[in-house]
Amino acid sequence: GAVVSQHPSWVICKSGTSVKIECRSLDFQATTMFWYRQFPKQSLMLMATSNEGSKATYEQGVEKDKFLINHASLTLSTLTVTSAHPEDSSFYICSAPSAGAQETQYFGPGTRLLVL
Amino acid sequence: KNEVEQSPQNLTAQEGEFITINCSYSVGISALHWLQQHPGGGIVSLFMLSSGKKKHGRLIATINIQEKHSSLHITASHPRDSAVYICAVRSRGNEKLTFGTGTRLTIIP
């Protein structure tokens, strides 16, 4: 089946630094990818929709200047958490919909971010 | 009120029991997903439904569009089924998913 990978799987950084997370579709092309954030014991919250070749669409309350999204190719989207703060510590997950009549969502394994 | 409600929030059962997890939603949808999230965080898509019923191994998912309700059933439950099960709906006209809060299932040997 289709696979979506994320890198890194976990990262620890100091407050004020920027962290880049990559999301790749390994065996299919994705013109759209989604970025989610999940705090402990809570469900996934959609942060933004990443669109290949155009600007990302951000959900209400998500700062676009803090969470930079670049959909560089049909298989790669990146999320950069700029000037990270401890409250940005979370589990970040991407997903990509497959194409076709049986469209489904393939999720990446997630990136656990801890900001000290 | 959340657009997607799941029940129960937590469920503990003995190995072998028949499990039912429910999902109700309040918006018009084009599809409903059942997802499984293991303790490490990785998410697997179990089913995508737009009508009727689907079966995969010991898992069965049903949806009633008129009643805006879906159920996920697990037959002959096993400890490896222990996970968080999440219902997510895709609204008509866009690809975004709205997620339920999840049901934490624990199967005791």
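Note on naming: letters A, B, ... go to the chains in the order of the sequence lines (proteins, then strands), and numbering restarts at 1 for each one. These numbers were taken from a predicted model, which means no experiment stands behind them.
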Student: Can you confirm whether more than 12 heavy atoms, excluding those of His7(A), are under 6.0 Å from its NE2 atom?
Tutor: no
Student: Side chain, backbone, both or neither: which part of Ile43(B) has a non-hydrogen atom closer than 4.5 Å to chain A?
Tutor: both
Student: Please identify, among Gly41(B), Gly102(B), Ala88(B), the residue contributing the most non-hydrogen atom pairs under 4.5 Å to chain A.
Tutor: Gly41(B)
Student: When rounded to the nearest 0.5 angstrom, what distance separates OH in Tyr36(A) from NZ in Lys96(B)?
Tutor: 10.5 Å
Student: Would you call Thr101(B) and Gln42(A) a side-chain contact if the rule is heavy atoms closer than 4.5 Å?
Tutor: no
Student: Ser45(B) and Gln105(A): which non-hydrogen atoms are nearest, and at how many Å?
Tutor: CB-O, 3.6 Å
Student: With a 4.5 Å heavy-atom cut-off, do Phe34(A) and Leu97(B) have their side chains touching?
Tutor: no
Student: Side-chain contact, heavy-atom cut-off 4.5 Å: Gln37(B) with Gln38(A)?
Tutor: yes
Student: Going hydrophobic residue to hydrophobic residue with side-chain gaps under 4.5 angstrom, can you get from Phe47(B) over to Ile21(B)?
Tutor: yes
Student: Determine the minimum heavy-atom distance between Leu44(A) and Phe99(B), stating which atoms define it.
Tutor: O-CD1, 3.7 Å
Student: Is it the case that one hydrophobic cluster holds both Ile107(B) and Leu11(B), taking links as side-chain heavy atoms less than 4.5 Å apart, direct or via other members?
Tutor: yes
Student: Any chance CD of Gln9(B) has more than 12 other-residue heavy atoms, nucleotides or ligands included, within less than 6.0 Å?
Tutor: no
Student: Around atom NZ of Lys64(A), are there more than 12 heavy atoms from other residues, nucleotides or ligands closer than 6.0 Å?
Tutor: no
Student: Please determine whether residues Val84(B) and Phe91(A) belong to a single hydrophobic cluster, defined as Ile, Leu, Val, Met, Phe, Trp and Tyr linked transitively by side-chain heavy-atom distances below 4.5 Å.
Tutor: yes
